[in-house]
Amino acid sequence: MASHTEMVNQWLAELNLGPNASFDEMGLLEFTDENGKTVRLELVDDDLIFYSELLPLPAEPRQRLELMRKALEMNRFCLETKGCTVSLSADDAGLALCYRAAVAFIGPGAFSPLFGNFLTAADTVRETLSAAIRADTDDDIEAETNPLPVSPEKKESAPGWFGGFA
């Protein structure tokens with residue numbers, strides 16, 4: 001792992017992240033991004049783990065459920081997360097974005113774009129999840145200001161999964 005540590009420390013130095021942007025003796029580097037969120041890089045065996053805090057879990061159960069639903073939905077095929085995975089944070093108090101890559105397959109020219117793409121993905125996922133919470137809050141406000149249901153009107157049937165009608 002020492003050779004991986006030296007190699008990734010060299011890549012980090014090329015990014016000009018500051019004088020303390022190198023792994024400690026445990027293979028861990030932690031810093032705060034421009035949004036004030038913790039970003040952690042960790043060397044585990046031959047892999048480099050990227051980890052970024054996204055947002056805390058809401059106290060209100062319905063919002064928490066909506067947030068977890070959206071996070072699981074985003075994890076499907078990892079398309080919305082740009083190959084990363086949304087998980088519970090290390091302390092289970094929030095959500096985090098994680099990515100794991102084999103150091104041997106990264107290479108010096110690929111580290112900078114990989115690192116930048118991870119930070120961009122974290123910002124995008126954070127905003128998408130925050131929007132899901134805001135939308136759920138807006139639904140709650142609408143329900144409070146308009147508590148009586150609107151009488152249902154005749155709705156047209158839509159084609160179902162097999163071309164039938166729902």
Side-chain angles (χ1 to χ4, degrees), residues 1-140:
M1 185 165 88
S3 64
H4 288 317
T5 302
E6 293 167 8
M7 186 169 34
V8 178
N9 276 337
Q10 181 181 352
W11 299 340
L12 287 165
E14 292 169 5
L15 294 178
N16 298 317
L17 296 175
N20 298 325
S22 62
F23 288 103
D24 63 16
E25 62 280 348
M26 301 297 292
L28 182 67
L29 167 63
E30 192 171 284
F31 63 95
T32 304
D33 71 5
E34 60 190 29
N35 296 316
K37 298 297 182 184
T38 299
V39 176
R40 184 178 305 136
L41 300 178
E42 187 173 354
L43 280 168
V44 178
D45 299 321
D46 295 331
D47 293 329
L48 180 60
I49 310 289
F50 296 77
Y51 173 95
S52 178
E53 291 179 349
L54 293 173
L55 47 115
L57 292 175
E60 202 275 310
R62 181 175 157 182
Q63 286 182 335
R64 186 178 311 153
L65 178 63
E66 180 59 26
L67 179 65
M68 298 302 280
R69 186 199 62 74
K70 183 61 179 172
L72 288 171
E73 182 181 284
M74 291 180 78
N75 275 342
R76 187 181 311 124
F77 307 119
C78 297
L79 295 175
E80 288 186 72
T81 60
K82 309 297 184 218
C84 302
T85 304
V86 179
S87 70
L88 283 173
S89 61
D91 61 1
D92 292 340
L95 295 180
L97 191 68
C98 307
Y99 184 76
R100 184 177 192 146
V103 175
F105 295 115
I106 296 174
F111 179 75
S112 179
L114 181 66
F115 186 65
N117 289 342
F118 176 77
L119 294 177
T120 300
D123 289 342
T124 302
V125 170
R126 186 178 298 117
E127 181 54 39
T128 301
L129 292 172
S130 295
I133 293 173
R134 283 193 303 271
D136 187 61
T137 301
D138 292 345
D139 290 345
D140 288 345

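Heads up: numbering here begins at 1 and tracks the sequence.
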- Between R64 (side chain) and P58 (backbone), is there a donor-acceptor pair under 3.5 Å? yes

- Message: Just so I know, are the side chains of F118 and L97 near enough to count as touching, which here means a heavy-atom distance under 4.5 Å?
- Response: yes

- For L48, which of F23, Y99, F105 qualifies under side chain to side chain contact (heavy atoms under 4.5 Å, CB included)? F23

- So do the side chains of S89 and Y51 get within less than 4.5 Å of each other, counting heavy atoms only? yes

- Note on the structure: The reported gap from CG in L12 to CG in L17 (rounded to nearest 0.5 angstrom) is 6.0 Å

- Task: Answer yes or no: is there a donor N or O on one side and an acceptor on the other, between the side chain of N75 and the main chain of T85, under 3.5 Å?
- Result: no

- Would you say the side chain of S52 lies within less than 4.5 Å of the side chain of L119, judging by non-hydrogen atoms? no

- Test item: N9 and L29 side chains (from C-beta on) under 4.5 Å apart, heavy atoms: no

- Task: Find out whether T81 and C78 are in side-chain contact, i.e. whether some heavy atom of one side chain is under 4.5 Å from a heavy atom of the other.
- Result: yes

- Residue pair L67 / L55, side-chain heavy-atom distance below 4.5 Å: yes

- Within-4.5 Å side-chain heavy-atom neighbours: K82 and T124: no

- Task: Apply side-chain contact (heavy atoms from CB on, under 4.5 Å) to the pair D46 and H4, showing each step before the final yes or no.
- Result: CA-CA 7 Å; D46 295 331; H4 288 317; 3.2 Å; yes

- Task: Would you give the length of the straight line joining atom CG of D33 to atom CZ of R126, rounded to the nearest 0.5 angstrom?
- Result: 5.5 Å

- Rounded distance [0.5 Å steps], CG in L54 versus CD in E127: 11.5 Å

- Task: Give, for atom CH2 of W11 and atom CD1 of I106, the distance between the pair rounded to the nearest 0.5 Å.
- Result: 5.0 Å

- Message: Please report the interatomic distance CG(N35) to CD(E53), rounded to the nearest 0.5 Å.
- Response: 11.5 Å

- Shortest non-hydrogen contact from A71 toward L129: N-CD2, 3.8 Å

- Query: When rounded to the nearest 0.5 angstrom, what is the spacing between CG in L88 and CG in L95?
  - Reply: 6.0 Å

- Electrostatic pair K70-E66, nearest N-O below 4.0 angstrom: no

- Message: If you define the side chain from C-beta out and look only at heavy atoms, does anything of R40 sit under 4.5 Å from L28?
- Response: yes

